[in-house]
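Structure, as structure tokens:
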Amino acid sequence: MSNLPASTYLSGCAPLFLLLLLHLAFARPLFPLPSKTKNEEKRPIQTFRPYNIAHRGSNGEIPEETADAYLRAIEEGADFVETDILASKDGALICFHDVTLDDTTDIAKHKEFANRRRTYEVEWFNVTGWFVVDFTLEELKRLRVKQRFSFRDQQYNGMFSIITFEEFISIALDADRTVGIYPEIKDPVFINKHVRWADGKKFEDKFVDTLLKYGYKGQYMSDNWMKQPLFIQSFAPTSIVHVSKLIDSPKVFLIDDISVRTQDTNQSYWEITSDDYLAYIGKYVVGLGPWKDTIVPAAENYLMPPSDLVARAHAHNLQVHPYTYRNENQFLHFNFHQDPYAEYDFWINTVGVDGMFTDFTGTLHRYQELTSPHRKDETANSLLVKISQMISAYEGI
Amino acid sequence: MPSLTGHISIIVLVLLFVESRASQGAPPGSQLDVNHKKPLQTFRPYNIAHRGSNGELPEETEAAYLRAIEEGADFIETDILSSKDGHLVCFHDVTLDATTDVANRTEFADRKRTYEVQGENMTGWFVVDFTLKELKSLRVKQRFSFRDQRYNGKYQIITFEEFILIALYAERIVGIYPEIKNPVFINQHVKWSNGKKFEDKFVETLLKYGYKGEYMSGDWLKQPLFIQSFAPTSLIYISNMTKSPKVFLIDDTTIPTQDTNQSYYEITSNAYLAFIRNYVIGIGPWKDTIVPPKDNYLGQPTDLVARAHALNLQVHPYTFRNENSYLHFNFHQDPYVEYEYWLNEIGVDGLFTDFTGSLHKYQEWTTPYPKKKKNAEALLHEIANMLKDDGYGA
């Protein structure tokens with residue numbers, strides 16, 4: 001601040017005051033809020049290296065599928081934020097992984113719900129607990145989420161509530177760079193058995209309706225897709241086939257462990273990973289999402305020879321996005337020496353996958369930034385240009 | 001790639017650069033030929049392989065040290081104790097129970113004892129009650145149940161001399177970081193001829209293999225060495241016998257020194273640090289005393305590192321481990337985040353790690369070459385690496 005007398009200062013600032021008044025008059029914010037930034041102005045998602053898919057958000061650090069877990073994942077550099085969509089009793093689509101509330105909420109503390117414990121059949125097995133489908137959205141919103149694993153940070157327990165599919169989408173769209181979403185049509189057989197919507201619509205229909213409402217559309221790598229990247233995932237092939245008539249966004253077929261049969265078509269792992277089946281499902285999906293221990297099986301916590309699933313998938317022009325990568329040493333096979341970066345190195349460089357579902361967005365992002373920060377072909381050129389510029393400057397040319 | 005042909009002269013320049021570096025790193029005539037081995041890096045904090053690469057292999061075995069060297073260790077670290085017949089061996093605990101199969105050996109069933117060690121009574125099979133031959137008959141096992149068990153029973157305890165030879169036979173310069181371990185206890189239980197003590201035999205071994213020279217001297221760079229101990233009198237005692245750099249280890253805040261019975265607060269006071277600075281070049285504290293944790297989160301850092309650095313003392317904290325049970329939540333179960341914190345925020349000069357490979361990877365990715373040499377040489381390094389990735393040159 002100068003030492004001019006006040007009058008001089010004020011008169012010198014007159015034009016500034018005018019500008020300020022104009023700003024206020026038009027009520028435009030001086031800086032555009034993130035949600036108002038046009039998509040074209042946002043930094044696009046990277047597509048030159050495998051996708052960093054924040055599995056249930058940054059749930060290694062913060063309770064899964066909460067707004068904070070997703071915000072942390074975006075902060076840490078996720079390409080996609082991933083979620084599981086289930087439905088409440090009154091048909092609201094919510095972000096939640098288990099069909100029961102027992103493991104990740106404080107439901108057991110709510111005396112008003114004590115009598116709502118049930119036993120239902122879920123994907124061929126009986127499960128007992130407090131089921132999401134027996135609670136209205138308002139009731140679900142009364143609960144508080146907790147960290148699933150005892151060995152992870154417990155300090156956020158009881159702080160956050162369950163969010164809806166729409167809230168999840170808003171988090172992605174409000175980010176200040178382009179962040180893709182990766183929602184799952186979760187347990188559709190079970191949901192459709194327990195929840196009914198008006199107008200004869202099914203779970204899958206409401207799922208797609210929500211996406212269309214927020215402008216998600218376009219085939220993989222299309223302009224529309226690049227603005228609002230999206231993968232739809234499901235373990236249920238019939239759900240995938242059903243939604244493919246409703247939306248052209250890319251879909252991914254999830255594959256469970258070798259002992260698990262598909263919930264809708266009752267098919268075995270061997271059937272759905274056969275060449276014939278891959279050719280069939282390849283008409284509806286752009287990729288597969290297998291459990292990583294089926295791609296490279298392990299014995300006594302050491303990797304065994306890999307199966308040929310990735311090679312065959314790639315031969316069918318299908319991407320492979322395995323799940324799930326976790327930092328804790330109990331999840332790391334000994335080949336990796338308790339080093340999650342060694343695991344990422346193996347899967348990206350030796351196996352050659354196209355994306356990874358990780359509980360530790362930050363770690364994968366760090367690994368990728370340290371080892372593949374820019375496109376190979378661009379970098380050599382840009383560095384050579386830099387060198388020749390430096391040489392020219394030095395020689396005074 | 002059409003655009004590259006326009007820069008063909010630059011490519012030639014780069015390849016020549018890469019070539020010349022390659023010939024500098026040519027394999028030496030003899031592995032003991034210290035003049036032609038790739039030298040020790042001294043531009044970034046030291047990667048000290050704590051008990052070898054013991055995250056992967058049973059601690060203090062030849063295999064653990066070879067793995068550590070393979071993985072890029074600057075120094076391999078060991079604890080020196082003594083057998084009943086006065087041979088110096090690489091072993092951490094005074095008892096054999098936790099890391100060997102002694103409990104399964106019927107021939108030694110009657111050798112369990114109870115002795116006082118640093119003020120506490122301890123029961124077990126004590127190293128000092130076994131001759132070297134008997135120790136060699138045992139087999140080492142992995143200390144922690146959650147680490148790889150498949151090498152259990154394969155390896156023996158090695159001697160100090162065997163450890164030194166592992167370092168000297170490496171294809172590049174690898175430093176050693178031996179500890180004068182439990183000297184009070186050893187000198188109580190083991191006697192040598194000519195009135196020599198444990199510390200004398202320790203230094204004799206080093207001198208025998210040509211270890212000498214002050215820190216960063218020509219001799220030191222050829223055979224890098226740090227001597228470490230928790231016992232200040234041992235370090236002072238040997239200071240007349242060797243000019244090699246020494247490091248004063250500092251235990252948890254509740255543990256007094258075994259020889260002088262001084263508290264943590266005494267030995268980390270400015271006065272004491274100034275005193276010990278006459279004999280050592282650095283301190284080796286337990287990391288949770290430098291930054292005490294609370295509820296598995298980092299608390300406020302103490303000023304120990306700043307005060308040590310003010311006295312020109314290096315700081316080499318112990319011990320860094322990958323397993324999430326050892327990582328405070330600030331690090332999100334990511335060992336590299338822990339390295340980043342200690343190297344960049346706290347600014348230590350070396351790290352004792354159970355996972356040599358992880359620290360090496362972290363350092364290679366974040367500080368592959370000296371910072372001063374930014375700009376031209378750094379860019380040329382990067383180009384050379386990229387060309388290497390694409391299959392050209394070196």
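Keep in mind that this is a model prediction, so the values were computed, not measured. We name chains A, B, ... by the order of the sequence lines, and we start the count at 1 in each one. Basis for what follows: all heavy atoms, side chains included, without hydrogens, waters or symmetry-related copies.
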Under 4.5 Å to a heavy atom of chain B? For A/Gln155 that would be side chain
Most heavy-atom pairs under 4.5 Å with chain B, out of A/Asp153, A/Thr363, A/Leu370, belong to A/Asp153
CG of A/Asn301 to CZ of B/Arg147, rounded to nearest 0.5 Å, is 14.0 Å
Output for pair (B/Arg321 CZ, A/Asn329 CG), nearest 0.5 Å, gives 12.5 Å
Those residues of residues 59-74 of chain B that come under 4.5 Å of chain A on a heavy-atom basis, listed by number, are B/Arg67, B/Glu71
So CZ of B/Phe331 and CG of A/Asn327: to nearest 0.5 Å the spacing works out to 13.5 Å
If you tally heavy-atom pairs under 4.5 Å between each of B/Val337, B/Asp334, B/Asn296 and chain A, the highest tally belongs to B/Asp334
Assert top hit (heavy-atom pairs under 4.5 Å, partner chain A, pool B/Asp295, B/Asp148, B/Asn324, B/Leu327) equals B/Asp148
Smallest heavy-atom separation, B/Asn322 atom then A/His337 atom, equals ND2-O, 3.4 Å
Cut-off 4.5 Å, heavy atoms of chain A, and the answer for B/Phe146 is both
Whatever's closer than 4.5 Å to a heavy atom in chain B on A/Ser58 counts as neither
Within residues 149-158 of chain B, contacts to chain A at heavy-atom distances under 4.5 Å involve B/Arg150, B/Tyr151
The interface call for B/Tyr297 against chain A, heavy-atom contacts under 4.5 Å, is side chain
Most heavy-atom pairs under 4.5 Å with chain A, out of B/Tyr336, B/Trp365, B/Phe355, belong to B/Tyr336
From the list A/Arg326, A/Arg152, A/Glu61, side chain to side chain contact (heavy atoms under 4.5 Å, CB included) partner of B/Gln333 resolves to A/Arg152
